[in-house]
Amino acid sequence: MSTTKVLEKLSEEQKLEKESLNLFFSTQTVIKKALDKLGYSNEVFELLKEPIRMLTVRIPVKMDDGSVKVFTGFRSQHNDAVGPTKGGVRFHAEVNEEEVKALSMWMSLKCGIANLPYGGGKGGIICDPREMSFGELERLSRGYVRAISQIVGPTKDIPAPDVYTNSQIMAWMMDEYSRLREFDSPGFITGKPIVLGGSQGRETATARGVTICIEEAVKKKGIVLQGAQIVIQGFGNAGSFLAKFIHDAGAKVIGISDAHGALYNPEGLDIDFLLERRDSFGTVTNLFTNVITNQELLEKECDILVPAAVSNQITAKNAHRIKASIVVEAANGPTTLEATKILDKRGVLLVPDILASAGGVTVSYFEWVQNNQGYYWSEEEVDEKLRKVMVESFETIYQTSQAHQVDMRLAAYMVGIKKPAEASRLRGWV
Ligand code: GLU
């Protein structure tokens with residue numbers, strides 16, 4: 001059943017919660033509010049409320065057992081007034097068109113916040129990479145690039161890693177694109193292995209960005225980072241590196257989780273041990289017996305809560321029970337709009353996803369710049385440049401939220417949407 005049909009059958013209250021769980025709808029709602037606050041006309045909203053381009057592709061892949069399986073993939077481009085579109089490609093069984101559209105809109109916002117010369121893009125393939133062999137994944141990755149090749153390219157739309165895609169997948173995609181075009185095209189995709197033109201610091205960039213946001217947020221709340229208690233939901237790329245960085249910075253990581261469960265110890269967890277034992281999908285709790293649920297973990301006593309897993313984790317149902325005074329969203333969309341309101345009313349400082357997770361695309365931009373100029377930077381240089389972008393973005397959004405008396409999410413949307421709105425206006429589109 002379509003979302004609209006489902007919504008028609010529900011009561012007003014159920015509708016509100018359902019709508020706020022729908023990423024695409026809630027993204028449109030906040031974009032509308034942000035544009036209104038900034039004084040843009042409804043025409044600007046009409047342009048920015050949907051991606052300008054959405055391609056659905058079917059990808060036949062020869063499976064190891066000799067059969068052919070046809071996969072469905074998407075590539076969404078939200079707005080290219082600022083520059084080429086940019087954003088990751090996710091491999092996940094629950095990928096769907098609406099989600100990819102919403103995620104491409106978020107990429108526009110992230111690029112606007114970090115002041116990058118890009119619009120937002122996003123891609124996805126409906127598949128379960130955990131069930132697929134290396135060879136099948138390679139054929140699927142190459143097939144996807146062939147299917148979308150007409151609308152992507154180093155000056156059109158630049159893909160990158162996202163949920164369950166990594167540097168190896170970027171390498172296959174870059175190779176396929178280079179073969180199609182018959183020249184080496186490292187700038188076609190970011191998040192590549194270093195030897196193929198990847199950037200130092202790209203793999204850890206999202207976690208570095210989140211760490212910087214935590215450092216800035218504790219200053220605002222008057223919390224000392226040394227010894228502060230942190231709970232991290234999710235132990236994938238963002239969650240695991242974050243656990244390491246924040247532990248090294250002196251904070252106490254007292255909870256972590258993966259898709260199967262959570263570990264909690266108020267005395268602090270042995271992060272180095274957990275990092276050593278996690279598998280490539282971030283699973284580690286299967287080694288323990290004293291496991292609690294992800295939902296239980298979110299409600300544990302702590303100073304800082306970092307949802308770094310999937311969307312819709314903090315909702316109107318559990319927002320009252322969140323104990324943390326700072327919530328930093330490393331995942332995309334972990335808190336619904338209703339829950340955002342509840343947390344804001346309770347005085348919780350919420351660092352929204354489009355700010356907290358902007359480190360990844362920022363270093364992707366650095367990678368693309370290095371590819372274009374053919375001259376590569378040291379890790380220190382990348383980290384220093386990333387820090388500057390993140391600190392400035394955090395401060396701008398914090399000040400916007402104070403000046404306009406709005407929550408941090410709306411403030412982030414206001415900062416993020418301004419650039420595509422202004423660029424569209426100056427090009428004479430609206
Ligand atoms: N997938 C990441 C994100 O959602 C990175 C995108 C990129 O590096 O282009 O921000």
Side-chain angles (χ1 to χ4, degrees), residues 23 27 51 74-78 80 82-92 95 99-125 148 152-167 169-170 173-174 186-193 197-210 213 234 236-239 241-242 307-311 328-334 351-371 382 385-386 389-390 393 412 416:
L23 289 185
T27 306
F74 308 98
R75 186 72 194 171
S76 169
Q77 300 174 345
H78 174 236
D80 57 4
V82 172
T85 46
K86 176 96 193 79
V89 181
R90 57 177 55 186
F91 283 9
H92 199 277
V95 163
E99 184 197 54
V100 175
K101 276 185 179 180
L103 290 165
S104 72
M105 289 151 87
W106 290 4
M107 287 311 300
S108 284
L109 295 161
K110 284 191 206 185
C111 294
I113 287 170
N115 202 12
L116 310 179
Y118 297 133
K122 198 76 167 203
I125 303 178
I148 63 164
V152 290
T155 53
K156 273 188 181 173
D157 181 11
I158 306 127
D162 199 81
V163 176
Y164 290 154
T165 51
N166 57 18
S167 59
I169 291 176
M170 300 305 111
M173 289 189 175
M174 186 275 279
F188 157 64
I189 204 162
T190 58
K192 300 177 292 294
S199 176
Q200 298 290 343
R202 175 62 186 87
E203 210 191 350
T204 54
T206 308
R208 282 252 180 255
V210 178
C213 284
N237 171 282
F241 283 120
L242 170 67
V310 286
S311 57
V328 182
E329 298 182 328
N332 286 316
V351 184
D353 44 16
I354 52 174
L355 165 61
S357 69
V361 68
T362 301
V363 178
S364 271
Y365 166 59
F366 297 159
E367 179 172 331
W368 181 75
V369 169
Q370 293 170 77
N371 294 151
V382 170
K385 287 187 164 72
L386 172 63
V389 171
M390 292 305 300
S393 305

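Since the structure is predicted, the reported quantities are computational estimates derived from the model, not experimental observations. We count ligands from 1, going down the list as the structure has it; atoms in each ligand are counted the same way.
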Note to self: Quick check on E203: does its CD atom have over 12 non-hydrogen neighbours (other residues, nucleotides or ligands) under 6.0 Å away?
What the structure shows: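 Count not over threshold, so no.
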
Checklist line | Residue pair R202 / S364, side-chain donor-acceptor N/O under 3.5 Å | finding: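 Yes, S364 and R202 have a side-chain donor paired with an acceptor closer than 3.5 Å.
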
Checklist line | Whether D162 side chain and T165 backbone form a donor-acceptor pair below 3.5 Å | finding: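 Absent.
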
Check: Between T85 and S104, is any pair of side-chain heavy atoms under 4.5 Å apart?
Finding: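 When only atoms from C-beta onward are counted, S104 and T85 do not touch, as no gap falls below 4.5 Å.
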
Note to self: Please identify which of these residues, D353, N332, T27, meets the side chain to side chain donor-acceptor pair (under 3.5 Å) condition with W106.
What the structure shows: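 Of all the options given, the one that passes is T27.
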
Next item on the list: Could you label the plane-to-plane angle of the H92 and Y164 rings as parallel, tilted or perpendicular, counting under 30° as parallel and over 60° as perpendicular?
Entry: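 Correct class here is parallel.
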
Checklist line | ligand 1: protein residues within heavy-atom distance under 4.0 Å | finding: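 Residues near ligand 1: K86, G87, G88, M107, K110, K122, A160, P161, D162, R202, G360, V361, S364.
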
